[in-house]
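Fair warning: this is a prediction, and the values are worked out from it, not measured in the lab.
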Amino acid sequence: MPHAPRNSFIAPGVTRFSRSAAYAKKAQYKRKQTTVAAAPKAAATDKTVEVKGGKNGSKRTIPAQKASRFYAAEDVPQPKVGRKTAKKTALRSTITPGTVVILLAGRYRGKRVVVLKQLDSGLLLVTGPFKVNGVPLRRVNQAYVIATSTKLDLSSVKIDEKFNDAYFKKSAKTDKAFLEGETKKAAFPASKAADQKAVDKALLEVIAKTSFLRQYLVATFSLSKGQFPHNMKF
């Protein structure tokens, strides 16, 4: 009597037990599995054959990878390669290091500040100074300032190279901190406070040389009824 298969067919292509169930019933996990590594296939190379006939050439090369006989009916669009490079924002001719500008947006709008330099991102590095009108070292977009004709001579003021875009970068809040709600506000770094005092000290020495310049920086810019900024000379 022939041996009946352990896993019989219920219907064509459908077995009684699944592959994993048959594996367990045959106790294949107890048997040592041996595999034979397949022989490495030789890399396909172009084949050169001889062609008869004086006018057909003596040899013909048959490529290993033949070109497809079928092509897409429509051209597949390819994305354009952008060759544009980001350029540094050009500084307005009316704004130079030492120019007093009026802020038009942000929490310090209406304040008069001194431009120290332009950063690599194109933003302006400005300060009040903080001891005069409370505006600390910060970055502003030149599109949101009004340049005035008042200028300070900053030749004696040394602006440290550490004042760059990375200096003002803030650490991103994690999702966990956001879900926990409001946390205790961190203290202002002592190193940045020392930097602000050093810049203020250098600027105050320059401001003291011009009469009423300190009072000019303290005053907040505002418009009254009937005043139009496009008709004013700053």
Inset, instruction - Indicate whether the side chain of Tyr108 and that of Asn133 have a donor and an acceptor atom separated by less than 3.5 Å. - result: no
Inset, instruction - Tell me yes or no: between the side chains of Thr48 and Lys59, is some donor less than 3.5 Å from an acceptor? - result: no
Inset, instruction - Give me the ring orientation class for His230 and Phe228: parallel if the planes are under 30° apart, tilted from 30 to 60°, perpendicular past 60°. - result: tilted
Short question: side chain of [X], backbone of [Y] - any donor-acceptor pair under 3.5 Å?
| X | Y | value |
| --- | --- | --- |
| Asn7 | Ala22 | no |
| Asn141 | Leu123 | no |
| Glu205 | Ser156 | no |
| Lys233 | Thr148 | no |
| Gln196 | Leu137 | yes |
| Arg109 | Gly106 | yes |

Legend entry - Centroid separation Phe163 to Phe168 less than 6.0 Å: no
Taking the six-membered ring of [Y], is the NZ or CZ of [X] close enough (under 6.0 Å from the centre) and on axis enough (within 45°)?
| X | Y | result |
| --- | --- | --- |
| Lys25 | Phe17 | yes |
| Arg16 | Phe9 | no |
| Lys192 | Tyr167 | yes |

Inset, instruction - Please determine if Asp153 and Lys209 form a salt bridge, counting it only when a charged side-chain N lies under 4.0 Å from a carboxylate O. - result: no
Legend entry - Flag if over 12 foreign heavy atoms under 6.0 Å of NZ, Lys117: yes
Inset, instruction - Starting from the C-alpha separation in whole Å, work towards a yes-or-no answer on side-chain hydrogen bond (donor to acceptor under 3.5 Å, both in side chains) for Asp46 and Thr61. - result: CA-CA 7 Å; Asp46 295 345; Thr61 303; over 6 Å; no
Legend entry - Distance (rounded to the nearest 0.5 Å) between Lys162 NZ and Asp195 CG: 3.5 Å
